[in-house]
Amino acid sequence: MSGYVFTIPQWSKPKKPSGNVDNLLKRNDFKLQERDLDILEFFLNHPFVITEQVAKLFYNHCAKPTQNASRRLKTLYDMGLLWRTRPFVSKGKGTHQYIFCITKLAYNLITQVRELDYTDEINFQECDNVVEMSRIAHELELNEFCIELIQKAKEKNLEFNWSGTKRSWQKITPKTPGSKGYVISPDAMIRVDNNIYHIEYERYCDKDNFYKKCMKWKRYRQDRAWKELYPKEPIILVVGNKAAGEVVGHYRRVNSIDQLIPIAKSCNMDDILFLYNEDWRKGIFDAYNVQEEKINLFEIKEMDIWSKISNVQ
């Protein structure tokens, strides 16, 4: 995706979409399936998804998951429930998978049919579809990591739950008079067995921004605000590349989470976990704290994640 970081994708729309939910449900050539609703509900919380990701999540029991997913996504696209785009790739390297996003029609359909009390704005606005490829690439890579993590949890017969970006955010209203409110906004939340992970997926490592996040996480701990949503404190898991490199764009930055570890250490947040893309893509889910101690994400029993910062003011 790095070659398309600052491009604006052109979204393709169907030629004859269904006008509204009633018209869609009355069409004789389209029978809505329960799995269609599952897919569309997934899009409510995960705005950009490629065919292979849908295949892994909803068609992994089929003999040909990708082909089955591709056919059904094409049908949902033709009905006007999805938009799609296909980025250009280098000559001789084949074609990119379609990237899909939900439409307003699909939003209305899924909230109406499943009677969802979904108060958030739709993640993708048809009237303002200018989205940089950098944002889309971040979402797709985050999806890929989360899918691999939950599939590994499934193999180990562990319970899991995955909440997408906006559904993971928590608005905090401090109890201290005069204190300003703030928002804890992880890229995703995943529960594996009894452990809750706040995922921070770092495509490009911005040290100043990461320092600000660390300070906000410390305040979150001191306010004990996590108790509003969770039975135990979330584990902060930073995921990204290990090898250093440079990305050319508006400016140049080192693309490695190694540079973030000293920042966590300087903030006395020794138990933030760092997981390298090079590892999890090989099926290795061993993360490291700032002391370079190896911790397997599926073998954490009881861990006082915030012990090192509990008395920090």
Side-chain angles (χ1 to χ4, degrees), residues 1-6 42-43 45-50 52-53 56-57 99 101 123-124 131-153 160-170 183-192 195-214 216-217 220 234-247 249 253-261 263-264 269 271-290 295 297-298 305:
M1 293 292 177
S2 59
Y4 316 110
V5 168
F6 298 105
F42 180 79
F43 271 98
N45 299 309
H46 309 274
F48 306 106
V49 187
I50 58 175
E52 259 186 19
Q53 293 170 353
K56 289 178 180 178
L57 289 168
I99 301 170
C101 68
N123 285 323
F124 182 86
V131 183
E132 281 190 353
M133 201 66 203
S134 56
R135 175 191 162 192
I136 296 175
H138 178 275
E139 292 291 333
L140 296 180
E141 292 177 17
L142 173 66
N143 288 349
E144 195 65 28
F145 166 72
C146 292
I147 290 170
E148 291 299 317
L149 181 62
I150 64 176
Q151 285 189 334
K152 184 66 69 172
F160 61 86
N161 183 52
W162 173 17
S163 293
T165 302
K166 286 192 175 182
R167 304 297 282 182
S168 305
W169 292 2
Q170 182 180 355
V183 177
I184 291 295
S185 52
D187 290 327
M189 185 281 291
I190 291 186
R191 179 183 61 82
V192 177
N195 293 311
I196 300 161
Y197 295 98
H198 274 182
I199 311 297
E200 290 292 328
Y201 188 83
E202 300 285 352
R203 291 192 80 234
Y204 308 127
C205 298
D206 185 327
K207 291 188 286 188
D208 291 337
N209 188 50
F210 187 74
Y211 174 78
K212 293 176 183 178
K213 288 181 181 179
C214 285
K216 188 182 290 188
W217 290 331
Y220 184 60
I235 300 169
I236 298 171
L237 177 63
V238 179
V239 183
N241 289 337
K242 180 178 182 180
E246 289 188 331
V247 177
R253 288 181 286 190
V254 177
N255 183 20
S256 169
I257 59 173
D258 283 334
Q259 65 182 319
L260 303 181
I261 295 175
I263 297 173
M269 301 189 70
D271 289 311
I272 290 182
L273 300 184
F274 295 84
L275 178 63
Y276 298 119
N277 285 333
E278 291 89 333
D279 289 338
W280 69 260
R281 292 185 186 280
K282 297 176 183 177
I284 301 170
F285 285 86
D286 292 331
Y288 297 86
N289 60 19
V290 299
I295 299 172
L297 298 183
F298 300 105
I305 298 303

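The shown structure was predicted, so the numbers you read here are calculated from the model rather than taken from an experiment. Counting from 1, the numbers follow the sequence of the chain as shown.
- In Tyr288, the OH atom is crowded: over 12 heavy atoms of neighbouring residues, nucleotides or ligands sit closer than 6.0 Å.
- With sequence neighbours left out, the salt bridge (charged side-chain N to carboxylate O under 4.0 Å, His left out) criterion links Glu148 to Lys56.
- Annotation for Ser168 and Ser163: closest pair OG-O, 3.1 Å, computed over non-hydrogen atoms.
- Annotation: side chain of Glu278 is not in contact with side chain of Ile284 (no heavy-atom distance under 4.5 Å).
- Judged purely by atom type and a 3.5 angstrom limit, Gln53 has no side-chain atom pairing as donor or acceptor with the backbone of Asn143.
- Checking each of Trp280, Tyr276, Tyr201 against Phe145 for a ring pair (Phe, Tyr, Trp, His ring centres under 6.0 Å) leaves exactly one that passes, namely Trp280.
- For His46 and Trp162, the distance between ring centers is under 6.0 angstrom.
- Rounding to the nearest 0.5 Å gives a distance of 11.0 Å between CG of Asp187 and NE2 of His198.
- Residues Ile196 and Ile235 form no side-chain contact, since every pair of their non-hydrogen atoms from C-beta on lies 4.5 Å or further apart.
- Aromatic ring orientation, Phe210 versus Phe274: tilted (interplanar angle from 30° to 60°).
- At least one donor-acceptor pair closer than 3.5 Å links the side chain of Trp169 to the backbone N or O of Pro186.
- Note that CZ of Arg203 and CD of Glu139 are 11.0 Å apart. Values are rounded to the nearest 0.5 Å.
- For Lys212, the side chain to side chain contact (heavy atoms under 4.5 Å, CB included) criterion is met by no residue, not counting sequence neighbours.
- Lys213 places no side-chain N or O within 3.5 Å of a backbone atom of Ser185 that could act as its donor or acceptor partner.
- Leu273 CG to Ile295 CD1: the interatomic distance, rounded to the nearest 0.5 Å, is 5.0 Å.
- Put simply, the side chain of Tyr197 gets close to the backbone of Leu297: a donor and an acceptor are under 3.5 Å apart.
- Counting heavy atoms from C-beta on, the side chains of Phe298 and Asn195 never come closer than 4.5 Å.
- For the pair Ile272/Cys214, a side-chain contact is recorded, criterion being any heavy-atom separation below 4.5 Å from C-beta on.
- Interatomic distance, Leu140 CG to Arg135 CZ, rounded to the nearest 0.5 Å: 11.0 Å.
- Separating the CD atom in Glu141 from the CD1 atom in Ile136 is a distance of 12.0 Å, to the nearest 0.5 Å.
- One finds the CG atom of Asn241 at 7.5 Å from the SG atom of Cys205 (value rounded to the nearest 0.5 Å).
- Checking Ile257, Ile199, Leu275 one by one against Val238, the side-chain contact (heavy atoms from CB on, under 4.5 Å) holds for a single residue, Ile257.
- Proximity of Asn277 to Lys242: side-chain heavy atoms (C-beta onward) are nowhere separated by under 4.5 Å.
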